[in-house]
Amino acid sequence: MRHHSGKANRTWLIILGILFLAAGVLAVLVASGTLARLIGGSPGRSDRVLSNGREFLAGEYTSWGMLLAGLILGILGLWWLLAQVPRARAAGTFRLQEDPAHGVTVCDPQVLAAAVGHETEQLPGVVNSSVRLRGTADEPDLAMKVTVNSDADVQGVIARIQQEVVPHLVSALEVPLNTFGLEIDASSKAGAPGGGATVSSRGTVVY
Amino acid sequence: MTAPSAAMHQPWDIEGRGETVLARKVLEKTASQVARDETFAGGSSGGFLGIGSRADLSARPDASVELAGNVASLKVTVGLPYPMPLRQATEQLRRRITERVTELTGVQVRQVDITVSWLKPPQRELRRRRKLQ
């Protein structure tokens, strides 16, 4: 289960939106002459926008200030860029019970994932499975990638995962899943032994 | 003849009769035996020095004890059948270990920390083919 930097994106987009909106409003006010009327008297074409620009730019600390500002903006930009890389949500140990007076109960999510994977691989037509359990014991996130063979009943596999495998995990954790993702892949390998999805015989074979 | 009768009437010197020491191992084995016999929990069996051991619901779970006077804190590492409500099963395990270890040894069990180290799904039997003709 991967998650993106949605909160940081929203925050920075709001900040940039406000800045650009303010700049746009200022440009409109300047272009329409409203700003000139507001501050009294319109500037001539030859008037400088920045009255003491040369002195400002020739200041002792101006170049260092500009460099520092550029550096900060660059670091912020780089941080934002790196934040866009999707990353897996951290999976800590599931704390099923936490009572300091009587003791705690913990279970590694990989233990549960292994049980889910084992149960999934017993389904007819399933070749392989990869299960990831993230989040917390109270809000678990389940992501599964199931590989089925070419003769498998895909709808049947999905139905059995939804009706058997997932409910078993829910009953083990005693809480509903926060999120559940399922990806089905196809393979040319043979399915699980005893699955019975594929019958290849010339005689009469009854299961 | 008077000396033995006088000695018999003296009060027992309890301090001089010796002391009973309960080894920590006894508590650990008692706890793991209770877990195996009276709950669904299992342990691991086989292997050498912990290598190659396999999950076994009929084996005793691992237990370690920290003793402070007559009060014990236990840490139990167990395996459970799957699917099973883990919170309920481990709460039952905790309660059972607390009650039985206290009852059997006289040591007051205050805390039982449980780690579920594996879950064992039911093994599906392979359907056998039956040839008619």
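Summarising the local packing, CD of A:Gln110 is surrounded by 12 or fewer heavy atoms from other residues, nucleotides or ligands at distances under 6.0 Å. In B:Lys120, the NZ atom is crowded: over 12 heavy atoms of neighbouring residues, nucleotides or ligands sit closer than 6.0 Å.
Using a 4.5 Å heavy-atom threshold, the side chains of B:Leu119 and A:Leu112 count as touching. The shortest side-chain heavy-atom distance between A:His118 and B:Tyr82 does not fall under the 4.5 Å cut-off. Within the 4.5 Å cutoff, no side-chain heavy atoms of A:His102 are placed close to those of B:Arg95.
Minimum interatomic distance between A:Ser171 and B:Pro83 (heavy atoms only, all atoms of both residues): OG-CB, 4.0 Å. Across every non-hydrogen atom of B:Leu86 and A:Leu96, the tightest pair is CB-CD1, 3.8 Å.
Atom-to-atom distance recorded for A:Asp108:CG and B:Thr115:OG1 is 10.0 Å, nearest 0.5 angstrom.
Both the backbone and the side chain of A:Ala115 have a heavy atom closer than 4.5 Å to some heavy atom of chain B. Neither the backbone nor the side chain of B:Thr98 comes within contact range of chain A, judged by heavy atoms closer than 4.5 Å. Looking at A:Ala137, the atoms closer than 4.5 Å to chain B (heavy atoms on both sides) sit in the backbone and in the side chain alike.
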For this session: Kindly determine whether B:Gln111 and A:Val104 satisfy side chain to side chain contact (heavy atoms under 4.5 Å, CB included), including the steps that lead there.
Result: CA-CA 8 Å; B:Gln111 197 173 349; A:Val104 296; 5.7 Å; no

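In summary, A:Asp138 and B:Arg87 engage in a salt bridge, as defined by a charged side-chain N under 4.0 Å from a carboxylate O.
When atom types are taken as modelled, the side chain of A:Glu174 and the backbone of B:Gln88 share a donor-acceptor pair closer than 3.5 angstrom. Side-chain atoms of B:Arg110 do not come within 3.5 Å of backbone N or O of A:Gly103 as any donor-acceptor pair.
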